[in-house]
Amino acid sequence: MKTSPKIKKAASSKPAKPKKEPNFLDTVYAIVRRIPKGRVTSYGAIAERAGIRLSARMVGWAMNAAGSAPKPVPAHRVVNSKGLLTGKHHFPTPTLMQELLEAEGIEVKNDQVQHFDKVFWNPPLPKKKA
DNA sequence: GTCGTGACTTCCA
DNA sequence: CTGGAAGCCACGA
């Protein structure tokens, strides 16, 4: 009995997921900002949690945008799968990234994170939690 | 409107 | 085991 058999449910269609960010960019920020101090994560891990494992590159782009992000993003805690500070060149200063990591208690040698598997932080699902 | 690049990852030979 | 290529989305010129 629908007077209109073809009417769309709720005038304004809202098929999009209410919990999904408009763009994975915000999702990446959310995850990166959840990185605890003294821990680092990799682009792939974030990308995987963001649901774009095949687009790990975009994570890097997101970090690039992080410099322009409305909120500070600990991009220095994000390294590649090898624990290399690949993005250090994009920082205001190429040594800032290492300095920040060392300041957090992370050992960095030759642009490589020491004990990477120990300081590696597995990003949990970005559960919306107040 | 089209082409190219990019802070990566993963697969295949 | 090692090396090479492809893939993804977005932005810039």
Side-chain angles (χ1 to χ4, degrees):
Chain A
M1 322 174 5
K2 270 168 142 217
T3 34
S4 302
K6 264 190 166 180
I7 187 147
K8 264 188 193 162
K9 180 164 84 157
S12 38
S13 51
K14 260 172 138 160
K17 296 166 196 181
K19 279 193 174 177
K20 185 112 173 172
E21 304 291 342
N23 36 18
F24 81 102
L25 190 104
D26 288 341
T27 305
V28 172
Y29 284 171
I31 296 168
V32 174
R33 281 193 286 146
R34 271 162 209 176
I35 300 174
K37 185 179 98 174
R39 284 287 183 316
V40 295
T41 187
S42 67
Y43 296 92
I46 297 167
E48 191 169 88
R49 283 305 170 201
I52 55 167
R53 169 185 54 181
L54 299 177
S55 301
R57 279 178 162 175
M58 301 299 70
V59 179
W61 162 75
M63 296 290 102
N64 185 7
S68 266
K71 278 182 180 182
V73 179
H76 64 269
R77 290 181 187 152
V78 183
V79 297
N80 69 350
S81 295
K82 296 177 203 149
L84 278 176
L85 311 184
T86 51
K88 73 169 192 175
H89 286 140
H90 288 260
F91 272 75
T93 52
T95 52
L96 178 64
M97 190 171 192
Q98 181 170 337
E99 292 287 313
L100 290 169
L101 290 173
E102 288 185 333
E104 304 213 337
I106 296 171
E107 270 189 80
V108 181
K109 193 125 197 160
N110 207 9
D111 303 342
Q112 188 172 337
V113 175
Q114 302 302 295
H115 311 290
F116 176 59
D117 51 350
K118 290 189 180 188
V119 298
F120 179 78
W121 173 76
N122 190 353
L125 287 171
K127 246 177 148 193
K128 188 86 165 291
K129 195 178 132 220

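We name chains A, B, ... by the order of the sequence lines, and we start the count at 1 in each one.
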Does A:Ile52 reach a base, just sugar-phosphate, or nothing at all? Heavy atoms under 4.0 Å. nothing
Tell me, which of residues 57-95 of chain A have any heavy atom that sits under 4.0 Å from an atom in DNA chain C? A:Arg57, A:Met58, A:Trp61
Where along residues 104-122 of chain A does a heavy atom come under 4.0 Å from DNA chain C, residue by residue in number order? none
Please give me the minimum heavy-atom distance between A:Val79 and A:Phe116, naming the atom from each residue. CG2-CE1, 3.5 Å
Point-to-point distance, once rounded to the nearest 0.5 Å, from CG of A:Asp111 to CG of A:Leu101: 10.5 Å
To the nearest 0.5 Å, how far apart are CD in A:Gln112 and OG1 in A:Thr86? 11.5 Å
Would you kindly give the CD1-to-P distance between A:Ile46 and C:dC9, to the nearest whole Å? 18 Å
Any chance you could lay out the side-chain contact (heavy atoms from CB on, under 4.5 Å) test for A:Val59 and A:Val32, step after step, and finish with the verdict? CA-CA 10 Å; A:Val59 179; A:Val32 174; over 6 Å; no
Does atom CZ of A:Arg33 have more than 12 heavy-atom neighbours from other groups under 6.0 Å away? yes
Exam field: side chain A:Arg39 to backbone A:Trp121, donor-acceptor pair closer than 3.5 Å: no
Answer yes or no: is there a side-chain heavy-atom contact under 4.5 Å between A:Val113 and A:Leu85? yes
Side-chain touch A:Met97/A:Val108, heavy atoms, less than 4.5 angstrom: no
Give me the distance, rounded to whole Å, that separates B:dA7 from C:dG3 when you measure between the C1' atoms they each carry. 23 Å
